[in-house]
Amino acid sequence: MKSSSKSAYPKKVPNFVLMLAALCVAFVMWYVVSVRDRLEAQVEVNIDYYGIPPNLVITDGLISKIMVRIKGSETLLRAMSRDRLTEAIDLSKIKKGVTSVPLGGDELGPRFRAFDIVDIQPPRILITADTLMERNVPLRTVVDSPLRGGALTVENVTVSPATVVLRGPEEVISNISSLPLTILLDPRAAGTTVQQNLTLETPSLVTAQPPTVRVGYTITSGRTVITRKCNIRVAGDADHNYEVSPSTITVMVEVPEALAKSSAYLNQLEVSVVPPPMDGGESRPVKPRFRLPEGMTLLNPSGEDVIVKRIGNKNVRPAGQQ
(Lines give C-alpha, C1' and ligand atoms only; values in the text may rest on other atoms or scores of the structure.)
Protein backbone atom coordinates (compact mmCIF):
# COMPACT_ATOMS: atom_id res chain seq x y z
CA MET A 1 0.00 0.00 0.00
CA LYS A 2 1.23 3.48 -0.83
CA SER A 3 1.56 5.68 2.22
CA SER A 4 0.43 9.34 2.05
CA SER A 5 3.12 11.93 2.53
CA LYS A 6 0.65 14.52 3.93
CA SER A 7 -0.73 14.33 7.50
CA ALA A 8 -4.48 13.96 7.96
CA TYR A 9 -4.44 16.55 10.75
CA PRO A 10 -4.46 20.34 10.11
CA LYS A 11 -1.34 22.25 10.81
CA LYS A 12 -1.09 23.96 14.21
CA VAL A 13 -1.62 27.70 14.04
CA PRO A 14 1.55 29.49 15.13
CA ASN A 15 1.45 31.20 18.54
CA PHE A 16 2.33 34.60 17.11
CA VAL A 17 -0.78 34.47 14.92
CA LEU A 18 -3.01 33.79 17.95
CA MET A 19 -1.32 36.58 19.87
CA LEU A 20 -1.84 38.99 17.02
CA ALA A 21 -5.52 38.07 16.80
CA ALA A 22 -5.95 38.57 20.56
CA LEU A 23 -4.31 41.98 20.33
CA CYS A 24 -6.65 42.95 17.53
CA VAL A 25 -9.72 41.90 19.53
CA ALA A 26 -8.44 43.76 22.59
CA PHE A 27 -7.80 46.89 20.52
CA VAL A 28 -11.30 46.77 19.06
CA MET A 29 -12.83 46.39 22.53
CA TRP A 30 -10.70 49.23 23.89
CA TYR A 31 -11.73 51.42 20.98
CA VAL A 32 -15.43 50.69 21.46
CA VAL A 33 -15.29 51.28 25.22
CA SER A 34 -12.81 54.14 25.49
CA VAL A 35 -12.71 56.04 22.19
CA ARG A 36 -15.81 55.52 20.09
CA ASP A 37 -18.89 57.57 20.98
CA ARG A 38 -17.32 59.49 23.89
CA LEU A 39 -19.95 61.62 25.57
CA GLU A 40 -20.15 64.07 28.45
CA ALA A 41 -22.67 63.73 31.28
CA GLN A 42 -23.42 65.17 34.73
CA VAL A 43 -24.10 62.79 37.61
CA GLU A 44 -25.23 63.37 41.18
CA VAL A 45 -23.07 61.77 43.85
CA ASN A 46 -24.22 61.34 47.46
CA ILE A 47 -21.58 62.01 50.09
CA ASP A 48 -20.88 60.04 53.26
CA TYR A 49 -18.21 60.93 55.81
CA TYR A 50 -15.88 58.91 58.00
CA GLY A 51 -12.82 59.35 60.17
CA ILE A 52 -14.05 62.35 62.22
CA PRO A 53 -11.62 62.77 65.14
CA PRO A 54 -13.30 61.66 68.40
CA ASN A 55 -12.36 64.89 70.18
CA LEU A 56 -14.07 67.12 67.59
CA VAL A 57 -17.66 67.87 66.57
CA ILE A 58 -18.52 69.33 63.17
CA THR A 59 -20.65 72.45 63.46
CA ASP A 60 -20.91 73.53 59.82
CA GLY A 61 -19.93 72.72 56.25
CA LEU A 62 -21.24 69.18 55.68
CA ILE A 63 -23.09 68.70 52.40
CA SER A 64 -25.10 65.68 51.30
CA LYS A 65 -24.31 65.58 47.57
CA ILE A 66 -22.08 66.94 44.81
CA MET A 67 -22.46 67.25 41.03
CA VAL A 68 -19.73 65.66 38.87
CA ARG A 69 -19.32 66.23 35.13
CA ILE A 70 -17.56 63.31 33.48
CA LYS A 71 -16.55 62.32 29.95
CA GLY A 72 -16.38 58.75 28.72
CA SER A 73 -17.83 56.11 26.45
CA GLU A 74 -21.56 55.97 25.94
CA THR A 75 -21.67 52.38 27.17
CA LEU A 76 -20.02 53.13 30.50
CA LEU A 77 -22.01 56.34 31.00
CA ARG A 78 -25.28 54.49 30.59
CA ALA A 79 -24.21 51.91 33.13
CA MET A 80 -23.10 54.65 35.51
CA SER A 81 -26.40 56.56 35.22
CA ARG A 82 -28.36 53.53 36.43
CA ASP A 83 -26.46 53.31 39.71
CA ARG A 84 -27.02 55.23 42.92
CA LEU A 85 -23.62 56.85 43.35
CA THR A 86 -22.22 57.29 46.86
CA GLU A 87 -18.71 58.26 47.82
CA ALA A 88 -17.09 58.42 51.27
CA ILE A 89 -14.93 61.39 52.24
CA ASP A 90 -12.19 61.02 54.86
CA LEU A 91 -12.30 63.75 57.52
CA SER A 92 -9.55 62.37 59.75
CA LYS A 93 -7.25 65.35 59.02
CA ILE A 94 -9.64 68.16 59.98
CA LYS A 95 -8.67 70.49 62.84
CA LYS A 96 -10.51 72.77 65.22
CA GLY A 97 -11.70 75.78 63.26
CA VAL A 98 -12.14 75.78 59.47
CA THR A 99 -10.54 73.10 57.27
CA SER A 100 -10.72 73.03 53.47
CA VAL A 101 -11.43 69.50 52.21
CA PRO A 102 -10.91 69.04 48.42
CA LEU A 103 -13.36 66.98 46.40
CA GLY A 104 -11.10 66.40 43.38
CA GLY A 105 -10.83 63.26 41.29
CA ASP A 106 -8.33 61.64 43.67
CA GLU A 107 -10.92 61.72 46.46
CA LEU A 108 -13.52 59.96 44.31
CA GLY A 109 -13.75 56.17 44.22
CA PRO A 110 -12.35 53.71 41.64
CA ARG A 111 -15.54 53.71 39.57
CA PHE A 112 -14.60 57.17 38.24
CA ARG A 113 -11.17 56.10 36.99
CA ALA A 114 -12.61 55.01 33.65
CA PHE A 115 -13.76 58.60 33.00
CA ASP A 116 -12.24 62.00 32.53
CA ILE A 117 -13.36 64.33 35.36
CA VAL A 118 -14.45 67.56 33.67
CA ASP A 119 -15.79 69.45 36.70
CA ILE A 120 -16.89 68.95 40.31
CA GLN A 121 -19.27 71.31 42.09
CA PRO A 122 -18.41 72.27 44.68
CA PRO A 123 -14.69 71.53 44.17
CA ARG A 124 -14.10 71.66 47.94
CA ILE A 125 -15.99 72.04 51.20
CA LEU A 126 -15.12 74.15 54.21
CA ILE A 127 -15.58 72.10 57.38
CA THR A 128 -15.99 73.97 60.68
CA ALA A 129 -15.21 71.92 63.77
CA ASP A 130 -15.11 72.60 67.50
CA THR A 131 -13.77 70.72 70.49
CA LEU A 132 -16.22 68.17 71.87
CA MET A 133 -17.08 69.08 75.47
CA GLU A 134 -19.11 67.52 78.29
CA ARG A 135 -20.60 69.43 81.20
CA ASN A 136 -22.86 68.56 84.13
CA VAL A 137 -25.62 71.19 84.49
CA PRO A 138 -28.74 71.49 86.69
CA LEU A 139 -32.26 71.59 85.28
CA ARG A 140 -34.25 74.82 85.74
CA THR A 141 -38.02 74.26 85.77
CA VAL A 142 -40.28 76.70 83.92
CA VAL A 143 -43.99 76.20 84.69
CA ASP A 144 -46.24 77.23 81.80
CA SER A 145 -50.03 77.27 81.53
CA PRO A 146 -52.38 77.65 78.56
CA LEU A 147 -54.60 79.81 80.80
CA ARG A 148 -54.06 83.39 81.88
CA GLY A 149 -51.59 84.05 84.67
CA GLY A 150 -52.69 82.97 88.12
CA ALA A 151 -55.48 80.67 86.98
CA LEU A 152 -53.48 77.59 88.02
CA THR A 153 -51.25 77.35 91.08
CA VAL A 154 -48.61 74.66 91.45
CA GLU A 155 -46.67 73.24 94.39
CA ASN A 156 -44.24 70.40 95.12
CA VAL A 157 -42.48 70.41 91.76
CA THR A 158 -39.90 67.59 91.58
CA VAL A 159 -37.48 66.58 88.81
CA SER A 160 -35.48 63.35 88.69
CA PRO A 161 -32.62 63.49 87.97
CA ALA A 162 -32.05 67.13 88.87
CA THR A 163 -28.87 67.39 86.75
CA VAL A 164 -27.89 66.05 83.33
CA VAL A 165 -24.69 65.76 81.28
CA LEU A 166 -24.61 67.92 78.15
CA ARG A 167 -22.35 66.93 75.26
CA GLY A 168 -21.60 69.14 72.28
CA PRO A 169 -19.45 71.95 70.83
CA GLU A 170 -17.30 73.74 73.41
CA GLU A 171 -18.44 77.17 72.20
CA VAL A 172 -22.07 76.25 72.99
CA ILE A 173 -21.61 74.10 76.12
CA SER A 174 -19.36 76.60 77.89
CA ASN A 175 -22.17 79.19 77.87
CA ILE A 176 -24.81 76.88 79.40
CA SER A 177 -25.00 77.09 83.19
CA SER A 178 -28.44 75.44 83.44
CA LEU A 179 -30.93 73.79 81.11
CA PRO A 180 -34.55 75.04 81.12
CA LEU A 181 -37.25 72.40 81.52
CA THR A 182 -40.71 73.62 80.52
CA ILE A 183 -43.65 72.01 82.32
CA LEU A 184 -46.93 72.66 80.49
CA LEU A 185 -49.80 72.34 82.94
CA ASP A 186 -53.01 70.54 82.07
CA PRO A 187 -55.94 72.70 83.30
CA ARG A 188 -58.13 69.59 83.56
CA ALA A 189 -55.73 68.14 86.15
CA ALA A 190 -56.45 70.88 88.70
CA GLY A 191 -56.51 69.58 92.25
CA THR A 192 -54.44 66.50 91.43
CA THR A 193 -50.81 65.35 91.54
CA VAL A 194 -49.27 64.71 88.14
CA GLN A 195 -46.34 62.41 87.27
CA GLN A 196 -44.95 62.45 83.72
CA ASN A 197 -41.81 61.89 81.64
CA LEU A 198 -40.53 64.89 79.70
CA THR A 199 -37.99 64.93 76.86
CA LEU A 200 -35.30 67.58 77.30
CA GLU A 201 -34.95 70.28 74.67
CA THR A 202 -31.30 71.09 73.90
CA PRO A 203 -29.57 73.52 71.52
CA SER A 204 -28.55 72.31 68.08
CA LEU A 205 -25.69 69.75 68.10
CA VAL A 206 -26.05 69.31 71.87
CA THR A 207 -27.28 66.07 73.43
CA ALA A 208 -28.35 65.39 77.02
CA GLN A 209 -27.78 62.28 79.07
CA PRO A 210 -30.32 61.14 80.10
CA PRO A 211 -32.53 62.53 77.31
CA THR A 212 -35.72 62.32 79.44
CA VAL A 213 -36.48 63.08 83.09
CA ARG A 214 -39.32 62.28 85.51
CA VAL A 215 -41.41 65.29 86.61
CA GLY A 216 -43.96 65.50 89.40
CA TYR A 217 -46.12 68.40 90.57
CA THR A 218 -49.41 69.18 92.31
CA ILE A 219 -51.94 71.66 90.92
CA THR A 220 -53.36 73.16 94.11
CA SER A 221 -55.98 75.35 92.45
CA GLY A 222 -59.34 73.59 92.21
CA ARG A 223 -62.12 73.29 89.69
CA THR A 224 -65.78 74.11 89.97
CA VAL A 225 -68.99 73.28 88.10
CA ILE A 226 -71.18 76.03 86.66
CA THR A 227 -74.24 76.22 84.42
CA ARG A 228 -74.17 78.22 81.21
CA LYS A 229 -77.01 79.26 78.91
CA CYS A 230 -75.70 79.62 75.36
CA ASN A 231 -77.23 80.96 72.18
CA ILE A 232 -77.12 78.54 69.24
CA ARG A 233 -75.72 80.19 66.17
CA VAL A 234 -75.76 79.01 62.57
CA ALA A 235 -72.32 78.38 61.14
CA GLY A 236 -71.48 80.20 57.92
CA ASP A 237 -72.31 83.54 56.38
CA ALA A 238 -76.02 82.93 55.74
CA ASP A 239 -77.22 82.60 59.35
CA HIS A 240 -79.95 85.19 58.75
CA ASN A 241 -81.60 82.72 56.34
CA TYR A 242 -82.33 80.22 59.11
CA GLU A 243 -84.32 79.80 62.28
CA VAL A 244 -83.14 77.51 65.10
CA SER A 245 -85.52 75.99 67.62
CA PRO A 246 -84.80 76.13 70.48
CA SER A 247 -82.52 79.11 70.04
CA THR A 248 -80.61 78.49 73.31
CA ILE A 249 -79.24 75.52 75.20
CA THR A 250 -78.24 75.11 78.85
CA VAL A 251 -75.12 73.08 79.69
CA MET A 252 -73.05 72.25 82.74
CA VAL A 253 -69.31 72.79 82.48
CA GLU A 254 -66.35 72.33 84.79
CA VAL A 255 -63.82 75.16 84.84
CA PRO A 256 -60.82 76.28 86.93
CA GLU A 257 -62.01 78.10 90.05
CA ALA A 258 -60.03 81.20 89.20
CA LEU A 259 -61.95 81.56 85.90
CA ALA A 260 -65.46 80.72 87.12
CA LYS A 261 -66.47 84.39 87.05
CA SER A 262 -64.42 85.51 84.07
CA SER A 263 -66.80 86.63 81.32
CA ALA A 264 -63.98 86.80 78.80
CA TYR A 265 -63.16 83.15 79.45
CA LEU A 266 -66.72 81.81 79.74
CA ASN A 267 -67.89 83.59 76.58
CA GLN A 268 -65.43 81.47 74.59
CA LEU A 269 -67.91 78.60 74.96
CA GLU A 270 -69.76 78.48 71.64
CA VAL A 271 -72.62 76.31 70.37
CA SER A 272 -73.37 76.13 66.64
CA VAL A 273 -75.21 74.10 64.00
CA VAL A 274 -74.33 73.41 60.37
CA PRO A 275 -77.54 73.33 58.28
CA PRO A 276 -77.85 70.57 55.66
CA PRO A 277 -79.01 71.27 52.09
CA MET A 278 -82.70 72.22 52.18
CA ASP A 279 -85.33 74.18 50.29
CA GLY A 280 -87.09 77.29 51.50
CA GLY A 281 -89.57 76.53 54.28
CA GLU A 282 -88.02 73.11 54.92
CA SER A 283 -86.92 72.03 58.43
CA ARG A 284 -84.32 69.47 59.47
CA PRO A 285 -83.05 68.13 62.83
CA VAL A 286 -79.37 68.93 63.43
CA LYS A 287 -77.00 68.05 66.28
CA PRO A 288 -75.37 71.10 67.92
CA ARG A 289 -71.58 71.43 67.99
CA PHE A 290 -69.63 72.70 71.02
CA ARG A 291 -66.44 74.75 70.99
CA LEU A 292 -64.78 74.87 74.43
CA PRO A 293 -61.95 77.10 75.64
CA GLU A 294 -58.80 75.51 77.05
CA GLY A 295 -59.39 74.02 80.50
CA MET A 296 -63.19 73.72 80.23
CA THR A 297 -64.92 70.33 80.37
CA LEU A 298 -68.47 69.73 79.11
CA LEU A 299 -70.30 67.60 81.68
CA ASN A 300 -73.69 67.08 80.05
CA PRO A 301 -73.30 67.24 76.27
CA SER A 302 -76.78 67.33 74.81
CA GLY A 303 -77.58 64.36 72.62
CA GLU A 304 -80.80 65.94 71.41
CA ASP A 305 -81.17 67.55 68.01
CA VAL A 306 -82.37 71.08 67.43
CA ILE A 307 -84.60 72.02 64.51
CA VAL A 308 -83.13 74.22 61.77
CA LYS A 309 -85.59 75.84 59.34
CA ARG A 310 -84.75 77.46 56.03
CA ILE A 311 -86.41 80.87 55.54
CA GLY A 312 -87.29 82.00 52.00
CA ASN A 313 -87.88 80.30 48.65
CA LYS A 314 -84.37 79.81 47.23
CA ASN A 315 -82.70 76.46 47.48
CA VAL A 316 -79.62 76.43 49.68
CA ARG A 317 -76.72 74.07 49.04
CA PRO A 318 -73.41 73.82 50.86
CA ALA A 319 -70.44 75.50 49.21
CA GLY A 320 -69.12 73.42 46.29
CA GLN A 321 -72.44 71.76 45.44
CA GLN A 322 -74.36 72.71 42.32
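Positions are given from 1 along the sequence.
Listed here is the closest heavy atom pair of I125 and L103: CG2-CD1, 3.9 Å. Nearest heavy atoms, L184 versus Y217: O-OH, 4.0 Å. Summarising the geometry of P187 relative to G295, their closest heavy-atom pair is CB-CA, 3.4 Å, with the distance given to 0.1 Å. Residue L56 comes nearest to I94 through the heavy atom pair CD1-O, 3.7 Å, listed as atom of the first residue, atom of the second, then distance. The two residues S178 and V137 come nearest to each other via the heavy atoms CA-CB, 4.3 Å. Counting all heavy atoms, side chain and backbone alike, I232 lies closest to P246 at CD1-O, 3.5 Å.
The side chain to side chain contact (heavy atoms under 4.5 Å, CB included) check on T227 picks up T250, M252, with sequence neighbours excluded. Under the side chain to side chain contact (heavy atoms under 4.5 Å, CB included) criterion, T128 pairs with T59, D60, V98, sequence neighbours left out. For the side chain to side chain contact (heavy atoms under 4.5 Å, CB included) test, residues two or more places apart in sequence or in another chain that qualify with N136 are T163, V165.
Side-chain atoms of D119 and Q121 include a donor-acceptor pair closer than 3.5 Å.
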### Task
Test R223 against E254 for salt bridge (Lys or Arg N to Asp or Glu O under 4.0 Å), laying out the working first.
CA-CA 7 Å; R223 293 173 66 80; E254 185 182 65; 2.8 Å; yes
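A salt bridge links K96 to E170: one of the charged nitrogens lies within less than 4.0 Å of a carboxylate oxygen. Ion pairing between E134 and R167 holds under the 4.0 Å rule for side-chain N and carboxylate O.
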For residues 265-275, tabulate all N or O donor-acceptor pairs below 3.5 Å that involve a side-chain atom, not counting sequence neighbours.
unit_1: Y265; atom_1: OH; unit_2: E294; atom_2: O; d: 2.8
unit_1: Y265; atom_1: OH; unit_2: M296; atom_2: N; d: 3.2
unit_1: N267; atom_1: OD1; unit_2: R228; atom_2: NH2; d: 3.1
unit_1: N267; atom_1: ND2; unit_2: S263; atom_2: O; d: 3.1
unit_1: Q268; atom_1: NE2; unit_2: A264; atom_2: O; d: 3.4

Check: residues 197-209 side-chain donor-acceptor pairs under 3.5 Å, at least two apart:
unit_1: N197; atom_1: OD1; unit_2: R214; atom_2: NH1; d: 3.3
unit_1: T202; atom_1: OG1; unit_2: V206; atom_2: O; d: 2.6

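Cluster annotation: V244 and I307 are assigned to distinct hydrophobic clusters (Ile/Leu/Val/Met/Phe/Trp/Tyr, side-chain heavy-atom contacts under 4.5 Å, transitive).
Cluster partners of L132 are V57, counting Ile, Leu, Val, Met, Phe, Trp and Tyr whose side-chain heavy atoms approach within less than 4.5 Å, directly or via other members.
Under the side chain to side chain contact (heavy atoms under 4.5 Å, CB included) rule, T224 has a single partner from V253, V255, L259, which is V255.
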